[in-house]
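Here is the structure we will look at.
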Protein chains: 2
Amino acid sequence: MGKTAIVNNIRRFRFEAEEMTQAELAAQVGVTRQTLIAIEQAKYSPTLELAFKIAKVFAVPLDEVFQFQG
Amino acid sequence: MGKTAIVNNIRRFRFEAEEMTQAELAAQVGVTRQTLIAIEQAKYSPTLELAFKIAKVFAVPLDEVFQFQG
DNA sequence: TGTCTATGTAAATTATTGTTTACACAATGT
DNA sequence: ACATTGTGTAAACAATAATTTACATAGACA
């Protein structure tokens with residue numbers, strides 16, 4: 001699917017949410033810490049399902065966490 | 001990422017958008033027709049990037065086209 | 001010093017998404 | 001009858017997301 005043109009605000013949301021750690025967020029969405037690191041650093045973009053789960057943890061719509069650079 | 005718990009309204013949006021065909025939508029988002037069929041039928045869920053592109057064609061937010069059944 | 005905690009990196013492997021090619025079929029039109 | 005259009009299915013393959021395991025480092029703290 002070509003280069004990932006998707007950015008995210010996971011790190012900001014983590015700190016706004018009581019300084020939630022990467023490990024805590026990873027556990028809440030059911031992935032490993034390394035997977036979350038890779039996504040937070042935009043090394044690759046998550047599946048749609050995982051993106052929904054992450055947004056749900058922060059209780060915001062998906063496109064507040066992830067944005068597509070068209 | 002386990003079983004896909006994601007539903008979509010692609011078919012409805014296609015018909016609301018001047019009866020756009022699967023082939024037309026596929027071309028606009030840069031995938032093959034078969035890929036679009038599989039996604040429309042929820043055989044698997046698209047990448048986040050592709051999901052954003054599809055929503056953009058219909059000019060609606062991503063979560064109006066795709067919903068996660070938590 | 002020594003031990004946690006949080007973060008980062010990397011390589012090998014598995015699972016899933018997406019492509020390509022080909023065939024099938026109903027509806028429409030000439 | 002024949003061709004065209006829109007949709008559906010299937011299998012083999014390529015690309016990418018995610019896992020697992022392991023090691024590295026900086027800061028806080030007893």
Side-chain angles (χ1 to χ4, degrees):
Chain A
M1 268 304 311
K3 41 184 60 61
T4 168
I6 294 191
V7 296
N8 72 80
N9 309 111
I10 295 178
R11 199 170 192 92
R12 177 168 61 78
F13 274 108
R14 278 201 300 116
F15 283 94
E16 287 177 3
E18 307 143 339
E19 308 252 337
M20 177 183 292
T21 66
Q22 292 176 328
E24 280 173 347
L25 178 54
Q28 284 199 39
V29 298
V31 298
T32 62
R33 187 174 60 89
Q34 283 72 9
T35 295
L36 196 78
I37 290 175
I39 291 167
E40 184 167 302
Q41 296 177 350
K43 293 208 172 176
Y44 54 73
S45 44
T47 60
L48 188 51
E49 180 170 351
L50 181 50
F52 270 117
K53 286 182 182 172
I54 292 171
K56 192 175 184 181
V57 168
F58 299 130
V60 295
L62 190 150
D63 48 21
E64 280 191 33
V65 182
F66 299 94
Q67 289 93 36
F68 178 58
Q69 313 294 309
Chain B
M1 268 307 308
K3 40 186 60 66
T4 167
I6 294 190
V7 295
N8 72 78
N9 308 111
I10 295 178
R11 201 172 190 91
R12 176 168 62 78
F13 274 108
R14 277 201 300 115
F15 283 94
E16 288 178 3
E18 307 144 340
E19 308 251 336
M20 176 184 293
T21 66
Q22 292 176 330
E24 280 173 346
L25 178 53
Q28 283 200 39
V29 298
V31 298
T32 62
R33 186 174 61 89
Q34 284 72 8
T35 293
L36 195 78
I37 290 176
I39 291 167
E40 184 168 301
Q41 297 177 350
K43 292 207 173 178
Y44 54 73
S45 45
T47 60
L48 188 52
E49 180 170 349
L50 181 50
F52 269 117
K53 287 182 182 171
I54 292 171
K56 192 174 183 180
V57 168
F58 299 130
V60 295
L62 190 149
D63 47 21
E64 279 191 34
V65 182
F66 300 94
Q67 290 92 34
F68 177 56
Q69 312 295 312

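Numbers restart at 1 for each chain; the letters A, B, ... are given by sequence-line order, proteins then strands. These values consider heavy atoms only, across backbone and side chains, with no hydrogens, waters or symmetry-generated copies.
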For A:L36 and A:R33: C-alpha separation, side-chain torsions, deciding distance, then whether side chain to side chain contact (heavy atoms under 4.5 Å, CB included) applies. CA-CA 5 Å; A:L36 196 78; A:R33 187 174 60 89; 5.7 Å; no

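- At whole-Å resolution of the value, CG in B:L50 and P in D:dT16 are 14 Å apart.
- Nucleotide D:dT16 holds its C1' atom 14 Å from the CG atom of B:L48, rounded to whole Å.
- Contact annotation: the side chain of A:I37 never approaches that of A:T32 to less than 4.5 Å [non-hydrogen atoms, C-beta and beyond].
- In this structure, the CD atom of A:E49 is 13 Å from the C1' atom of C:dT17, given to the nearest Å.
- Of the candidates D:dG8, C:dG18, C:dT9, C:dT9 carries the atom nearest the A:Q34 side chain, counting heavy atoms from C-beta on.
- Between B:T32 and C:dT19 there is a side-chain polar atom (N or O) within less than 4.0 angstrom of OP1 or OP2.
- Of the candidates D:dG8, C:dT7, D:dA18, D:dA18 carries the atom nearest the A:Y44 side chain, counting heavy atoms from C-beta on.
- When each of A:R14, A:E64, A:Q67 is paired with A:N9, the side chain to side chain donor-acceptor pair (under 3.5 Å) condition holds for A:Q67 and for no other.
- Taking atom CD of B:Q41 as the reference point, atom P of C:dG18 lies 15 Å away to the nearest angstrom.
- Taking side-chain N and O atoms only, A:T35 has no distance below 4.0 Å to OP1 or OP2 of D:dA17.
- The side chain of B:T47 lies closest to C:dG18, out of C:dG18, C:dT7, C:dT19.
- Here the C1' atom of nucleotide D:dT9 and the CG atom of B:L36 are 15 Å apart, to the nearest Å.
- Distances were taken from every side-chain heavy atom of B:R14 (C-beta onward) to each of C:dG8, D:dT7, C:dA22; the shortest belongs to D:dT7.
- Rounded to the nearest 0.5 angstrom, A:L48 CG and B:Y44 OH are separated by 13.0 Å.
- Environment of CD in A:Q69: crowded, with over 12 heavy atoms of neighbouring residues, nucleotides or ligands closer than 6.0 Å.
- Among the nucleotides D:dT9, C:dG18, D:dG8, the one closest to the side chain of B:R33 is D:dG8.
- Rounded to whole Å, atom P of D:dT7 lies 13 Å from atom CD1 of B:I10.
- Protein atom CD of B:Q22 is 10 Å distant from nucleotide atom P of D:dT9, rounded to whole Å.
- For B:I37, the side-chain atoms get nearest to D:dT9 when compared with the rest of C:dG8, C:dG18, D:dT9.
- Contact annotation: A:R11 side-chain N/O to C:dG8 OP1/OP2 distance is under 4.0 Å.
- Atom C1' of nucleotide C:dT7 and atom CE of A:M20 are separated by 16 Å, given to the nearest angstrom.
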